[in-house]
There are 2 protein chains.
Amino acid sequence: MEKQAITIYDVASEAKVSMATVSRVVNGNPNVKAATRRRVLDVIDRLDYRPNAVARGLASKKTTTVGVIIPDVTNMFYSSLARGIDDVASMYKYNIILANSDENNQKEVQVVNTLLAKQVDGLIYMGRSISDELRSEFSRSKTPVVLAGSVDPDEQLASVNIDYVAAVKGATKQLLDAGNKKVALVTGPLTEPLSGKYRLRGYKQALDEAGIAYDESLVFETEYSYQAGLAVFKQIQKTGATAALVSDDEMAVGVLNAALDAGVQVPDDFQIISSNNTKLTQMTRPQLTSLDQPLYDIGAVAMRLLTKLMNKEGIDEITVRLGFDITQRNTTK
Amino acid sequence: MEKQAITIYDVASEAKVSMATVSRVVNGNPNVKAATRRRVLDVIDRLDYRPNAVARGLASKKTTTVGVIIPDVTNMFYSSLARGIDDVASMYKYNIILANSDENNQKEVQVVNTLLAKQVDGLIYMGRSISDELRSEFSRSKTPVVLAGSVDPDEQLASVNIDYVAAVKGATKQLLDAGNKKVALVTGPLTEPLSGKYRLRGYKQALDEAGIAYDESLVFETEYSYQAGLAVFKQIQKTGATAALVSDDEMAVGVLNAALDAGVQVPDDFQIISSNNTKLTQMTRPQLTSLDQPLYDIGAVAMRLLTKLMNKEGIDEITVRLGFDITQRNTTK
DNA sequence: CTGTTAGCGCCTTCAT
DNA sequence: ATGAAGGCGCTAACAG
């Protein structure tokens with residue numbers, strides 16, 4: 001593949017300077033006389049010279065690309081984060097290598113390895129839990145890592161997210177305050193810290209404060225998918241719950257549609273609060289009330305944080321928590 | 001960034017062979033005695049050696065990464081394509097550099113340039129139209145390019161898509177056959193070949209065959225967004241149209257919701273056929289009837305085609321057209 | 001089957 | 001302000 005015949009040498013000889021000088025102007029090194037700089041620049045675009053980033057990467061040990069592990073681009077929650085990441089990345093002249101992991105530990109480890117082999121300058125990880133193996137890959141490499149939209153229970157890894165306990169607590173409280181005695185919590189496997197540790201804790205706290213006993217049968221562990229949401233509704237219904245806090249938008253749309261399809265009036269007979277406030281929440285009828293996590297911002301801030309880490313700048317806080325809100329729509333009243 | 005101290009030399013000396021031999025075993029070259037191979041392999045994982053892909057790329061002139069230009073990852077149409085691309089890419093050991101373009105010509109050119117500077121082995125372009133400048137960037141680089149989910153009017157560039165004329169014609173015909181006299185076509189700017197050339201042609205052909213005169217006022221050019229769909233409905237209503245063929249799912253959800261919000265019965269008083277059959281179409285109530293383009297497959301096949309191109313294998317057809325269908329749901333009857 | 005030797009294209013001291 | 005020279009880590013002939 002002889003993509004680009006012309007190299008820094010061609011430019012140098014054409015401009016009658018040494019390649020060092022060409023390198024300098026290309027890299028904006030001030031130690032070049034204005035006249036020669038102009039001459040070089042001139043040759044550069046006359047020859048349509050384009051620095052070879054691979055060679056540059058080898059010599060400088062920087063690739064200006066970061067690896068991004070994403071469970072599934074097709075999921076709006078993650079693609080929103082990804083968009084924030086990419087925008088900030090390009091703002092700082094970085095590119096993103098995007099790799100889908102399907103939350104599969106093996107794939108993740110495998111992907112992280114090829115990413116490190118490609119000498120990415122940093123890594124952003126999205127996903128609900130980090131396997132020990134993955135964590136050890138992270139720690140033995142000196143490449144900075146930041147988690148976007150998820151938490152590290154040990155707070156060892158940098159991460160940006162929201163206060164999940166408080167968020168879930170707030171949403172649960174709203175549902176409780178609205179008079180619902182039985183509020184279902186629909187979430188992922190409790191073995192994941194996010195669901196099992198944070199969300200569940202927030203849920204229990206709200207229950208506690210309302211003086212309502214925790215009822216295990218009101219907690220539903222499922223897959224984060226539309227189908228799963230659709231399927232879980234009838235089980236929720238059996239418990240007599242009159243409201244549900246659902247941890248994912250697609251899932252929530254599933255729950256909502258199942259309710260509607262079953263002839264249940266929403267929000268009159270059943271209330272729903274979703275969790276991600278993606279575009280989806282506005283597309284349903286009735287529109288979904290939802291926790292509002294600033295997804296784009298989480299991605300953006302995560303990337304920004306990563307740039308600092310890559311730059312070895314001092315970071316005061318390794319974990320940044322962004323604010324959240326609850327956007328009231330029509331599945332609550 | 002001294003990420004990986006150990007190099008092929010370390011492995012070589014530790015295993016008491018030359019670096020060439022190490023290189024051979026790493027690259028699966030058969031010319032290595034089984035015994036030495038085992039010994040080298042042993043040292044490799046004892047030292048936790050990981051080949052530096054950048055150096056490899058410089059020496060071999062192959063980076064095993066391809067650039068992917070996407071308008072917006074957050075759009076399900078494109079993220080579905082992207083998912084297909086990534087899956088096949090990883091199947092062939094390639095990684096993807098994903099760059100959002102917002103369909104902005106300037107950004108596109110800029111991004112393609114940095115991608116080429118990074119020596120990607122190939123490029124996949126998604127987007128509705130290719131500016132002349134971009135096309136010229138493509139042609140003067142020897143890097144193979146394939147368009148995913150869009151057409152090249154000149155058929156110069158490799159591409160994979162569906163027969164848009166036939167698809168739109170078929171959908172329009174269905175609406176016409178159902179008794180609708182006035183069928184609206186909601187699409188993007190007619191200046192884009194996809195809308196102006198292909199979709200419009202299909203639409204007209206169906207009209208023709210049905211013996212109905214083409215009425216320009218039934219064609220709506222808008223942005224491909226939920227909001228735009230929401231907004232365009234009342235204009236459609238003014239024309240007295242009783243059905244619409246909408247070129248994007250988010251847009252279609254907008255049209256549907258606007259109709260619903262206006263108290264219009266769907267499909268009794270107004271029918272809708274959407275175009276991409278993404279998950280979204282199943283999430284609305286009523287569910288959207290939609291053209292079914294095999295988005296994931298388009299992405300997958302595009303990537304597969306690109307591997308062939310990168311491999312300099314002979315290609316018989318530079319443009320591959322996949323089959324399509326119309327998935328009947330509840331916005332038609 | 002294995003080792004030697006050139007590069008790949010660029011960055012980066014170190015001189016001048 | 002500019003040039004010379006030595007890598008960066010690996011692949012790829014070319015010998016043996």
Side-chain angles (χ1 to χ4, degrees), chain A residues 1-41 43-44 47-65 114 116-121 142, chain B residues 1-41 43-44 47-65 114 116-121 142:
Chain A
M1 289 208 171
E2 2 59 273
K3 354 199 84 155
Q4 182 82 28
I6 65 153
T7 76
I8 201 172
Y9 282 102
D10 304 317
V11 176
S13 73
E14 182 74 10
K16 309 204 179 310
V17 293
S18 75
M19 50 160 302
T21 300
V22 177
S23 176
R24 289 194 183 91
V25 345
V26 166
N27 293 297
N29 182 318
N31 288 55
V32 180
K33 205 194 306 177
T36 45
R37 156 170 285 121
R38 285 204 349 88
R39 186 151 39 90
V40 172
L41 249 18
V43 174
I44 282 181
L47 262 46
D48 197 29
Y49 166 69
R50 179 191 291 139
N52 179 324
V54 174
R56 223 206 275 239
L58 183 58
S60 70
K61 297 186 168 307
K62 286 175 189 238
T63 54
T64 62
T65 108
T114 93
L116 291 176
K118 293 206 171 174
Q119 313 300 117
V120 294
D121 296 335
K142 285 169 183 158
Chain B
M1 291 207 171
E2 1 59 274
K3 354 198 86 155
Q4 181 82 28
I6 65 156
T7 75
I8 201 172
Y9 282 104
D10 303 318
V11 177
S13 72
E14 182 74 11
K16 310 206 179 307
V17 295
S18 75
M19 50 162 302
T21 300
V22 177
S23 175
R24 288 194 184 91
V25 346
V26 167
N27 293 297
N29 183 317
N31 290 55
V32 180
K33 203 195 306 175
T36 46
R37 154 168 288 116
R38 283 201 354 85
R39 185 152 41 89
V40 171
L41 247 20
V43 174
I44 283 181
L47 264 46
D48 196 30
Y49 166 69
R50 179 189 292 138
N52 180 324
V54 173
R56 218 201 273 236
L58 182 58
S60 69
K61 295 182 169 311
K62 285 173 187 240
T63 54
T64 62
T65 109
T114 93
L116 291 175
K118 293 207 172 174
Q119 312 301 118
V120 294
D121 295 336
K142 283 168 184 160

Using OP1 and OP2 only, check whether a side-chain N or O of B:Ser18 sits under 4.0 Å from C:dT2. no
Does a side-chain N or O from A:Arg56 land closer than 4.0 Å to OP1 or OP2 of C:dG9, or not?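 Answer is no, no contact under 4.0 Å.
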Show me the pairs that pass salt bridge (charged side-chain N to carboxylate O under 4.0 Å, His left out) and involve residues 10-28 of chain A, at least two apart or across chains. A:Glu14-A:Arg46
What residues in residues 25-37 of chain B put a non-hydrogen atom under 4.0 Å from any atom of DNA chain C? B:Asn31, B:Val32, B:Lys33, B:Thr36
Give me the atom names and distance for the closest heavy-atom approach of B:Val32 to B:Thr36.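 Shortest heavy-atom contact: CG1-OG1, 3.3 Å.
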Does any N or O in the side chain of B:Lys118 come within less than 3.5 Å of the main-chain N or O of B:Thr63, such that one atom is a donor and the other an acceptor? no
If we ignore hydrogens and angles and just use 3.5 Å, is the side chain of A:Arg39 paired with the main-chain N or O of A:Ala15 as donor and acceptor?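 Checking the backbone N and O of A:Ala15 against the side chain of A:Arg39, a donor-acceptor pair under 3.5 Å is found.
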Report which part of the nucleic acid B:Thr21 touches: base, sugar-phosphate, or nothing (heavy-atom distance under 4.0 Å, all strands).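 Sugar-phosphate contact only - B:Thr21 comes under 4.0 Å of backbone atoms but never of a base.
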Tell me what B:Val17 touches on the nucleic acid: a base, only sugar-phosphate, or nothing, going by heavy atoms under 4.0 Å.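 Sugar-phosphate, no base atom in range.
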Atom pair [atom1]/[atom2] of [X] and [Y] - distance to nearest 0.5 Å:
X: A:Thr7; Y: A:Asn52; atom1: OG1; atom2: CG; result: 9.5 Å
X: B:Leu116; Y: B:Lys142; atom1: CG; atom2: NZ; result: 13.0 Å
X: A:Ile6; Y: A:Leu47; atom1: CD1; atom2: CG; result: 4.5 Å
X: B:Arg37; Y: B:Asn29; atom1: CZ; atom2: CG; result: 7.5 Å

Contact check, side chains of [X] and [Y], non-hydrogen atoms, under 4.5 Å:
X: A:Val17; Y: A:Val25; result: no
X: B:Ile44; Y: B:Val40; result: yes
X: A:Val22; Y: A:Tyr9; result: no
X: B:Thr114; Y: A:Thr64; result: no

Could you list, one pair per line, each protein nitrogen or oxygen that sits under 3.5 Å from a nitrogen or oxygen of nucleotides 14-16 of chain D, together with the distance?
none

Please report, rounded to the nearest Å, how far the C1' atom of C:dG9 is from the NZ atom of B:Lys118. 16 Å
Interatomic distance where CZ belongs to B:Arg38 and P belongs to C:dC1 [whole Å]: 16 Å
What are the atom names and distances for every N/O pair under 3.5 Å that joins the protein to nucleotides 5-8 of chain C?
| from | atom 1 | to | atom 2 | distance (Å) |
| --- | --- | --- | --- | --- |
| C:dC8 | O3' | B:Lys61 | NZ | 3.1 |
| C:dC8 | O2 | B:Ala59 | N | 3.2 |

State which residues pass side-chain hydrogen bond (donor to acceptor under 3.5 Å, both in side chains) with A:Asn27; sequence neighbours excluded, sorted by chain then number.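 For A:Asn27, the residues satisfying side-chain hydrogen bond (donor to acceptor under 3.5 Å, both in side chains) (neighbours in sequence not counted) are A:Ser23, A:Arg56.
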Note the angle between the end axes of the helix from C:dC1-D:dG16 to C:dT16-D:dA1, five pairs defining each, rounded to 10 degrees.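 Rounded value for the end-axis angle: 30°.
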